[in-house]
Amino acid sequence: MRLSRSFVPTLKETPAEAQIVSHRLMLRAGLVRQTAAGIYAWLPAGFRVLQNIAAIVRAEQDAAGAQELLMPTIQPAELWRESGRYDDYGKEMLRLNDRHERDLVYGPTNEEMITDLFRQSVKSYRELPQIVYHIQWKFRDEVRPRFGVMRGREFLMKDAYSFDLDYEGAVVSYRRMMLAYMRTFRRMGLKAIPMQAESGPIGGNMSHEFIILAPTGESEVFYDAAFEEIDYSASGFDIFSPEDLARFVGLMTTHYAATDEKHEPGTWEKLAPERQRRGRGIEVGHIFYFGTKYSAAMGFTVAGADGRPVAPEMGSYGIGVSRLVGAVIEASHDEAGIIWPDAVAPFRAAILNLRQGDGTCDRLCEEIYAKLGLAALYDDREERAGVKFADADLMGHPWQIIVGPRGAAAGTVELKRRAGGERQELSLDSALARVL
RNA sequence: CGGGGCGUGGCGCAGCCUGGUCAGCGCGCGUGUUUUGGGUACACGAGGCCGCCGGUUCGAAUCCGGCCGCCCCGACCA
């Protein structure tokens, strides 16, 4: 994109409503704009990040054998009456009426709907197990939305649902998602730790939340240094091997990890002091096993091998996709702005033309831009060098290709790495090679 | 949902208590000159139903009432 013709409204000053860093930086870097309390519009650069994150989530879900589908945002109240949650869910659920006065809800989650879909068409044990997911907008009418995109009312969530014939199968599905989640967060450059959690309104008795470490996180977390050493991303674990999954989850759950509300000082103190780690964390994912809570309530059964009906065992698995955008920023920024991890950056590189209008600089920049295409944001504005430097740092592109009159004549550019800030004078070709 | 606060050009704010050239300042934006590798300087200029409705008054951004919106703290959550 050419910045001079892009809708990327950066701000020099911070709007008064933004308190935490990620919110401030998202507004300042022109990623989002607030439309109403807890409701945001994603502008071009922000939307790219959102899509990058969704793509990673999708890739890991697919790799775990989950099937992507897409369910509606609007759901009939009837389904929620069947499960009993129409009354239980409370005011957080947005309720609507259509022109015929039918009761509808804007989905805060999709257990009922997916159970309904499955019960219509899945009739035999031979069709299980299955895991399906979708990435869809949710609405939860939070009493107090805050922290920008981190706690919005409308948010993009990946929610997956597993159906298994029995408990043993459900446990395998649950573990598979745990591994997929750890790989997902790792790919975004985040350190995540699964922690024992309450299952809350979803119900069930096995639940973990995934906390990523960020200095500005909402809750304090305590964990064993062992989490820093587990190599779950490599070939060490086959996600389709129940044995590997058991081994993986064993590693994940035998070490101490707890948020402040579940922290047990007694157990904690038994851990060698040099292995004790504490920090702050943000919840970015949550997985639940809840057995037949919905299948039983909604009359979903399949014929078992003996011909008798069996209510499938279910689990659900959520990742806050839009929240992750904020979380990544919380985990990776400095005084100057965002420092995007390569995998989620809206642009791999910014091309800074320090002397717009200068024939040599312009030509060099155009050449670079032609080679990088959409991977680059070409700052071709008629602005001073300082403005371009400041905006590039703010927006946090992993690389900055700085083209100025000094080097341009000799055909060299300066390459700056946003994380770390190292700069290097390079030939055009070697700079491009580094960036790509 | 309890407690607190705020709505004045795109952003940050002053003005309100003590109604009357108070509609202003900084940034941003436009034009020109200047500068030319870290948000340059100067000049000129565009831009505001002072959140909305009603009331008090000769006169309301300013006082009163109602409504709407937004933010912060707490209890609750992907």
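Chain letters run A, B, ... following the sequence lines, proteins first and then strands; every chain starts at 1. Keep in mind that what you see is a predicted model, and the values were worked out from it rather than measured.
- No aromatic stack links F389(A) and the base of G37(B), using centre distance under 5.5 Å and interplanar angle under 30°.
- Closest-nucleotide positions on RNA chain B for T14(A) and G404(A) were compared, and the one nearer the 5' end corresponds to T14(A).
- Here A43(B) sits opposite U31(B) as a Watson-Crick or G-U wobble pair (both hydrogen-bonding atom distances under 3.5 Å).
- With a cut-off of 3.5 Å on both Watson-Crick or G-U wobble distances, the partner of U18(B) is given as none.
- For P145(A) and A16(A), each mapped to the nucleotide of RNA chain B holding its nearest heavy atom, the one lying further toward the 5' end belongs to A16(A).
- Nucleic acid contact class of D391(A) (heavy atoms, under 4.0 Å, all strands): base.
- Other residues, nucleotides and ligands contribute only 12 or fewer heavy atoms inside 6.0 Å of the CZ atom of F47(A).
- Residue contacts shown for V284(A) are limited to sugar-phosphate atoms, with no base heavy atom under 4.0 Å away.
- The CG-C1' distance, from L27(A) to C27(B), rounds to 16 Å in whole Å.
- Out of C29(B), C11(B), G38(B), the shortest distance to the side chain of P15(A) is found at C11(B).
- Within the 4.0 angstrom heavy-atom criterion, no nucleotide atom of any strand lies near L11(A).
- One finds no salt bridge joining R406(A) and E425(A) here, because no Lys/Arg side-chain nitrogen approaches an Asp/Glu carboxylate oxygen to under 4.0 Å.
- Between U36(B) and Q356(A), no contact under 4.0 Å exists linking OP1 or OP2 to a side-chain N or O.
- The residue E414(A) sits close to a base: some heavy atom pair falls under 4.0 Å.
- Shown are F290(A), F300(A), Y294(A); of these, the ring pair (Phe, Tyr, Trp, His ring centres under 6.0 Å) with F163(A) is made only by F300(A).
- In the set C1(B), C11(B), A78(B), C1(B) carries the atom at the smallest distance from any side-chain atom of V143(A).
- In this model, the phosphate group of G39(B) is not approached by any side-chain N or O of K388(A) to a distance below 4.0 Å at OP1 or OP2.
- A390(A) comes within 4.0 angstrom of a nucleotide base, judged by non-hydrogen atoms across all strands.
- Of all nucleotides listed (A75(B), C29(B), U36(B)), U36(B) comes nearest to the side chain of R384(A).
- Among A78(B), C77(B), C11(B), the nucleotide with an atom closest to any side-chain atom of F288(A) is A78(B).
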Handout entry: Chi angles and distances behind the side chain to side chain contact (heavy atoms under 4.5 Å, CB included) call for I319(A), F185(A)
Key = CA-CA 10 Å; I319(A) 289 181; F185(A) 300 131; 4.2 Å; yes

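- None of T109(A), T73(A), D159(A) except one satisfies the side chain to side chain donor-acceptor pair (under 3.5 Å) rule with K138(A); the exception is D159(A).
- Between the P atom of C71(B) and the CZ atom of R153(A) lies a distance of 9 Å, rounded to the nearest Å.
- Relative to the side chain of R151(A), the nucleotides U36(B), A78(B), C70(B) differ in distance, and A78(B) lies closest.
- When the nucleotides C72(B), A78(B), G37(B) are ranked by their closest atom to the side chain of R406(A), G37(B) comes out on top.
- For the pair K12(A) and G39(B), the criterion of a side-chain N or O lying under 4.0 Å from OP1 or OP2 is not met.
- Atom CD of Q34(A) and atom C1' of C71(B) are 9 Å apart (whole Å).
- Heavy atoms of A36(A) sit under 4.0 angstrom from primed sugar atoms or phosphate atoms, though from no base atom.
- A donor-acceptor contact under 3.5 Å is formed by the side chain of E13(A) with the base of G26(B).
- Taking the side chain of R140(A) as heavy atoms from C-beta on, and the options A78(B), C72(B), G38(B), the nearest nucleotide is A78(B).
- Distance from the side chain of R146(A) is smallest to C73(B) among A78(B), G12(B), C73(B).
- The CE-P distance, from M188(A) to A78(B), rounds to 18 Å in whole Å.
- Using a 4.0 Å cut-off between charged side-chain N and carboxylate O, K293(A) and E111(A) make no salt bridge.
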